[in-house]
Amino acid sequence: MTTQPHHDTPPISHTSESKTFIQAKALSDRIWDQLKEDASKYRMLTGDRPTGPLHIGHYFGSLANRIKLQKMGIESFIVIADYQVLTDRDDVGQIQRHVRDLILDYASVGLNPFEHDNTTIFCHSQIPELNQLILPFSTLVSVSELQKNPTIKEEAQAMKLNNISACMLTYPIHQAADILFCHGQLVPVGKDQLPHLELSRKIARRFNERYARNKNVFREPTALLAEVPMISGLDGSQKMSKSRHNTINLNMTEKETIKAIKRAKTDTERMITFDPVNRPEVSNLLTLLSLCTDRSPQSWAEEIGDGGGGMLKQCLANHLNIFLAPIRERRRALESRPEFIQEVLDHGTRRARKVAIETLDTVRSVMQMQYNFK
Ligand code: TRP
């Protein structure tokens, strides 16, 4: 590897989780401040794998920020990362259903290109020019950098993979293409995506240095972190995640929501207190309650007090159902219009391709790979 990263922006180390997070959070906070001054010069990109329904961890960790940015008038690109589904499994599974459900999830929370003209939703498999960026980008990253990525290690473990494929190892490069093709600088994501974001920043920096004679072809993207970057699962495990079956999905019914919360893990102490270190499960439920009511977790803990885990769960189920009601209603209305999904995708593919063609043109130009020998 000949490229030396240079440190004009603070590098985010992967060796210390908390240091990584503190630095990323500081950067994220700074950007939120700048946004308030002038939103028009920014573009957002973020996205999801179509592997199953979105859940409230996605909502509070990322969707809420996307909605906020959309409302601020920021141009928003949302990638449905369909190729990325193949990182940790051998087949695409129910991809048709999952892509459809994802679009319904987006639209039901308010991410709808026909209500907000600044929003583009697309599948990355439909944008050949985006995928072509992967090749030059892959020259800018070493194998050992990829092997050190903690999120990939965790994902491989969660899926019990003995062997990881080249696609799994290199997906942070694909993800950099997702982000950089449209010059997305703002990337609302959860904490687990920070190592990938850091690699995208390196790729942008190294591309400019190595191939563009320091011209700023790509800008370094910034992770925008939510106030509560990671929601734990209802089983008490570290992360709410589809693959761990510990979620409350946005498309669940009221009854299913109540049932899922009833099964949530708590502890044996009756008195409810907010103590994330010593009582992670109870505190996670209080955090969720706080997020859907806009009240502090401490004040909920005081109110519930010796009502115990039962009352905490009842309160949460009740308020979450109130919170999710308008989302569910919008979904029902859109489900009765099957053409809607196709219209969203056609619109998104058209817009994303236009941008990707321009970016690939610039990349080929600075790499001296446009040939016209006449
Ligand atoms: N890796 C992300 C996830 O698993 C999905 C994703 C793909 C993404 N491309 C992206 C997120 C670009 C942010 C930016 O949730």
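As the structure lists them, so they are numbered: ligands from 1, and atoms in each ligand from 1.
- Among residues two or more places apart in sequence or in another chain, the side-chain contact (heavy atoms from CB on, under 4.5 Å) test is passed with Arg43 by Glu75, Phe77, Cys182, Gln185, Val355.
- One side chain, Ser299 or Arg295, offers a donor N or O that lies under 3.5 Å from an acceptor on the other.
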Taking a 3.5 Å cut-off between nitrogen or oxygen atoms, can you list every pair linking ligand 1 to the protein, with distances?
from, atom 1, to, atom 2, distance (Å)
ligand 1, 1 (N), Gln84, OE1, 2.8
ligand 1, 1 (N), Gln175, OE1, 2.8
ligand 1, 1 (N), Gln193, OE1, 3.0
ligand 1, 4 (O), Arg49, NE, 3.2
ligand 1, 9 (N), Asp178, OD2, 2.8

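- Side-chain atoms of Thr119 and Tyr106 form no donor-acceptor pair, as typed in the model, at a separation below 3.5 Å.
- Checked against side chain to side chain donor-acceptor pair (under 3.5 Å), Asp361 has no partners two or more places apart in sequence or in another chain.
- Listed by chain and residue number, nothing satisfies the side chain to side chain donor-acceptor pair (under 3.5 Å) test with Ser336 (two or more places apart in sequence, or in another chain).
- Atom-to-atom distance recorded for Leu86:CG and Ile95:CD1 is 7.0 Å, nearest 0.5 angstrom.
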